[in-house]
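Since we're looking at a predicted model, the values are computed, not measured. Positions are given from 1 along the sequence.
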Amino acid sequence: METKTKPDLLTEADRLKLSRPFQAPGISGLLSIVVVAAALLWSVDGAGFSFGKLVDGAPRMADYVSRMWPPNFEKMPIIVELLIETLQMAIIGTLLGALLSLGVAFGAASNIAPKWLYTATRMVLNILRSIPELIFALMFVSAVGLGPFAGVLAIVLGSIGSIGKVYAESMESVPKAPLQALRSTGASSGQVIRFGVLPQASPLLVSYTLLLFEGNVRGATVLGLVGAGGIGLELTNAMRMYDYGHMFAIVLSIIVLVTLIDRGSALIRKKLS
């Protein structure tokens, strides 16, 4: 009995490409390299980037770091209290920001929203993403006063701007065939989103939300600089008072908190994958 062999799906040109570990770039590739190199040189000149200045300043950096040793943990109860406040700000801000971002993402996904809604929503996201969270924090401090509540509101708006676009692109990247099959059966837009988009995009949405939470923890430590709660104000005061030991203790505590959150998020992402 004769056995049928599968047809060779690779052409001679494909096999030739796979056999070469390195290929010389074509005209478009060379043009891209030239453009990138020109942009890099232009940016280096404009930003005043200089390895010489970095080498000259290395001794002063070493002197600054040496002043922080040893860390002073005498005010550890205050540090722990403010770190907990920072973590609470990040949790609330991430949860509210993620929920609002999910709603906004439905309007920013081209495979779900009509053209007019898509354009308007993308414009709103671009505006929110262009404004630093410190500006939002200053605005909310003037509105609701000093404290963590202003920081939470700033984190929420910052989260919508940053993660709303990512959520929308995750929804746009889902396979189109299941969505077309649902629409062909007469499914409504809500049913297409519920049974077609969300089940396929949910692993990415959860993963991006965890990354957002990690970023918000780091961001919340900075918002205290403008009186929006968290550990940032204590860190700023330590720097202004030249209390290097206390400042180093705060920095080490922040590193421990961020590392623990990173490990926990990595375990959750591993379970999801």
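- Hydrophobic clustering of Ile, Leu, Val, Met, Phe, Trp and Tyr side chains at less than 4.5 Å, counting indirect connections, keeps Leu99 apart from Val104.
- Between Ala150 and Gly145, the shortest heavy-atom contact is CB-O, 3.8 Å.
- Closest of all the heavy-atom pairs between Gly161 and Leu128 is CA-CB, 3.7 Å.
- The distance from the CG atom of Leu87 to the OG1 atom of Thr221 is 12.0 Å, given to the nearest 0.5 Å.
- With hydrogens and angles ignored, the 3.5 Å screen pairs a side-chain donor or acceptor of Ser142 with a backbone N or O of Met139.
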Verdict with supporting geometry, Arg122 and Lys165, side-chain contact (heavy atoms from CB on, under 4.5 Å): CA-CA 8 Å; Arg122 287 281 178 161; Lys165 179 176 182 289; 3.6 Å; yes
Trace of the side-chain contact (heavy atoms from CB on, under 4.5 Å) decision for Val222 with Arg218: CA-CA 7 Å; Val222 179; Arg218 292 187 291 271; over 6 Å; no
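- Val144 and Leu157 end up in the same hydrophobic cluster when Ile, Leu, Val, Met, Phe, Trp and Tyr side chains are linked at under 4.5 Å.
- Interatomic distance, Leu95 CG to Leu212 CG, rounded to the nearest 0.5 Å: 10.5 Å.
- Side chains of Leu260 and Leu257 form no contact here, defined as non-hydrogen atoms less than 4.5 Å apart.
- Between Gly93 and Ser159, the closest heavy-atom pair is O-OG, 4.0 Å.
- Atom CZ of Phe149 has 12 or fewer heavy atoms from other residues, nucleotides or ligands within 6.0 Å.
- Phe73 and Met241 fall into different hydrophobic clusters, where Ile, Leu, Val, Met, Phe, Trp and Tyr residues are linked whenever their side-chain heavy atoms come under 4.5 Å apart, directly or through other members.
- Going from atom CD1 of Ile84 over to atom CE of Met89 covers 14.0 Å, rounded to the nearest 0.5 Å.
- No donor-acceptor pair under 3.5 Å is formed between the side chain of Thr94 and the backbone N or O of Ile91.
- Side-chain contact between Phe213 and Val217 is present, with at least one heavy-atom pair separated by less than 4.5 Å.
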side-chain contact (heavy atoms from CB on, under 4.5 Å) evaluation trace for Leu235 with Val251: CA-CA 8 Å; Leu235 181 61; Val251 171; 4.2 Å; yes
side-chain contact (heavy atoms from CB on, under 4.5 Å) assessment of Ile160 paired with Leu125: CA-CA 7 Å; Ile160 296 173; Leu125 290 177; 4.1 Å; yes
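- In this structure, the side chain of Thr86 engages the main chain of Ile231 through a donor-acceptor pair within 3.5 Å.
- Side-chain atoms of Glu74 and His246 form no donor-acceptor pair, as typed in the model, at a separation below 3.5 Å.
- Taking all atoms of both residues into account, the shortest heavy-atom contact from Phe140 to Ala154 is CD1-N, 3.7 Å.
- In the hydrophobic clustering of ILVMFWY residues, with side-chain heavy atoms under 4.5 Å counting as a link, Met239 and Tyr242 come out together.
- Leu223 and Gly151 get closest at one heavy-atom pair: CD1-O, 3.6 Å.
- Residues Val256 and Phe248 do not share a hydrophobic cluster, defined by chaining ILVMFWY side chains whose heavy atoms lie under 4.5 Å apart.
- Interatomic distance, CZ of Phe136 versus CD1 of Ile155, reported as 12.5 Å (0.5 Å rounding).
- From Lys75, atom NZ reaches atom CG of Asp243 across 5.5 Å, with rounding to the nearest 0.5 Å.
- Although no hydrogens or angles enter the test, the distance criterion places no donor-acceptor pair under 3.5 Å between the side chain of Thr121 and the main chain of Tyr118.
- Partners of Ser101 under the side-chain hydrogen bond (donor to acceptor under 3.5 Å, both in side chains) rule, at least two apart in sequence or in another chain, do not exist in this structure.
- A side chain to side chain contact (heavy atoms under 4.5 Å, CB included) with Met76 is found for one member of Ile79, Ile78, Asn72 and no other, namely Ile79.
- To the nearest 0.5 Å, the span separating CG on Asn126 from CZ on Arg129 amounts to 4.5 Å.
- Of the options Leu83, Val258, Val80, a side chain to side chain contact (heavy atoms under 4.5 Å, CB included) to Ser253 is made by Leu83 and by none of the others.
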